[in-house]
Amino acid sequence: PVVLWLADGEYVFKFAVVSGSRVVTQHFEVSVDGEDAVSTAIDPVDLGVFVNGENVGLLMGDGWTYSPISGLLTLDGSVPYVVSGYDGVGKVQVEIRGEADVTFSNLHLSGVGSNANIVRLADGAQVKLGLAGTNLLYSSLGNGAGLRLSGAARAEIDSCDAAAMLVVGG
């Protein structure tokens with residue numbers, strides 16, 4: 001068994017076990033709230049949204065994590081990102097942190113819950129946002145925003161002539 005002591009929060013882990021020439025990878029999620037918690041094994045699913053060509057259902061990649069508990073895809077700003085794909089049911093919301101270079105490429109994200117911010121720039125984030133193709137960020141109910149800049153967040157949007165982005169808040 002593996003025992004970890006964690007602060008309150010949501011975590012996703014990826015463990016790999018090597019047996020001879022075979023590598024078996026398993027993902028686990030756990031939500032800690034001041035008490036003992038048990039992790040649950042989860043199998044990655046195809047959510048239709050990709051970061052640098054990787055399905056976010058894999059739960060983590062270079063500079064990003066996805067929590068199936070909250071639906072939050074977090075980009076930490078450590079590498080350039082291309083985010084693409086389609087989620088029309090609100091399973092993926094994006095938070096961008098730090099100094100990040102992000103391109104939305106034919107990205108269509110919709111949320112249906114109250115306060116569903118489809119893309120949120122964390123407080124202090126400095127984001128250079130590129131556009132490729134047609135992009136839609138749509139929040140349909142409550143106080144949610146298609147694109148929300150928190151606190152001192154800043155965004156510079158750069159696109160080519162053939163790119164477009166429609167942002168709708170609820």
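These numbers were taken from a predicted model, which means no experiment stands behind them. Residues take their numbers from the sequence shown, with the count starting at 1.
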**Q.** side-chain hydrogen bond (donor to acceptor under 3.5 Å, both in side chains) assessment of Y81 paired with D62
**A.** CA-CA 9 Å; Y81 305 95; D62 190 14; over 6 Å; no
Q) Can you check side chain to side chain contact (heavy atoms under 4.5 Å, CB included) on N135 and L166, steps first, answer last? A) CA-CA 6 Å; N135 301 277; L166 175 62; over 6 Å; no
Output side-chain donor-acceptor pairs under 3.5 Å for residues 98-107, partner residues at least two apart or in another chain, one line each.
from	atom 1	to	atom 2	distance (Å)
N106	OD1	T134	N	3.0

**Q.** pair V82-V51: side-chain heavy atoms closer than 4.5 Å
**A.** no
Q) Can you find a pair of side-chain heavy atoms, one from L129 and one from D158, that are under 4.5 Å apart? A) no
Q. If two hydrophobic side chains count as joined below 4.5 Å and joins carry through other members, does V167 share a cluster with I96?
A. yes
Q.
Given 3.5 Å as the limit, does a donor-acceptor pair link the side chain of D87 with the main chain of G111, or not?
A. no
Q: Determine the minimum heavy-atom distance between L121 and A155, stating which atoms define it.
A: CD2-CB, 3.7 Å
Q.
If you define the side chain from C-beta out and look only at heavy atoms, does anything of L75 sit under 4.5 Å from V83?
A. yes
Q) With a 4.5 Å heavy-atom cut-off, do W64 and E54 have their side chains touching? A) yes
Q: Check step by step if side chain to side chain contact (heavy atoms under 4.5 Å, CB included) holds for R97 and T74.
A: CA-CA 8 Å; R97 299 178 180 171; T74 303; 3.6 Å; yes
Q. Under a 4.5 Å side-chain heavy-atom rule over Ile, Leu, Val, Met, Phe, Trp and Tyr, are V89 and I69 clustered together?
A. no
Q.
Starting from V127, can I reach L109 by hopping between I/L/V/M/F/W/Y residues whose side chains sit under 4.5 Å apart?
A. yes
Q.
Quick one about Y66 and N55 (side-chain donor to acceptor, distance below 3.5 Å, no hydrogens or angles considered), yes or no?
A. no
**Q.** Rounded distance (nearest 0.5 Å) linking atom CG of L147 with atom CD1 of I118
**A.** 10.5 Å
**Q.** Electrostatic pair E95-R120, nearest N-O below 4.0 angstrom
**A.** yes
Q. How many angstroms lie between atom CE of M60 and atom OG of S67, to the nearest 0.5 angstrom?
A. 10.5 Å
(Q) Walk me through whether V168 and L137 qualify under side chain to side chain contact (heavy atoms under 4.5 Å, CB included). (A) CA-CA 6 Å; V168 178; L137 308 175; over 6 Å; no
Q. When rounded to the nearest 0.5 angstrom, what is the spacing between CG in L72 and CD in Q93?
A. 7.0 Å
Q.
Rounded to the nearest 0.5 Å, what separates atom CG in L131 from atom CD1 in I157?
A. 6.5 Å
Q | Heavy-atom closest pair, residues A153 and A122 | A | CB-O, 3.3 Å
Q.
Quick check for you: to the nearest 0.5 Å, what is the distance between N117 atom CG and L149 atom CG?
A. 10.5 Å
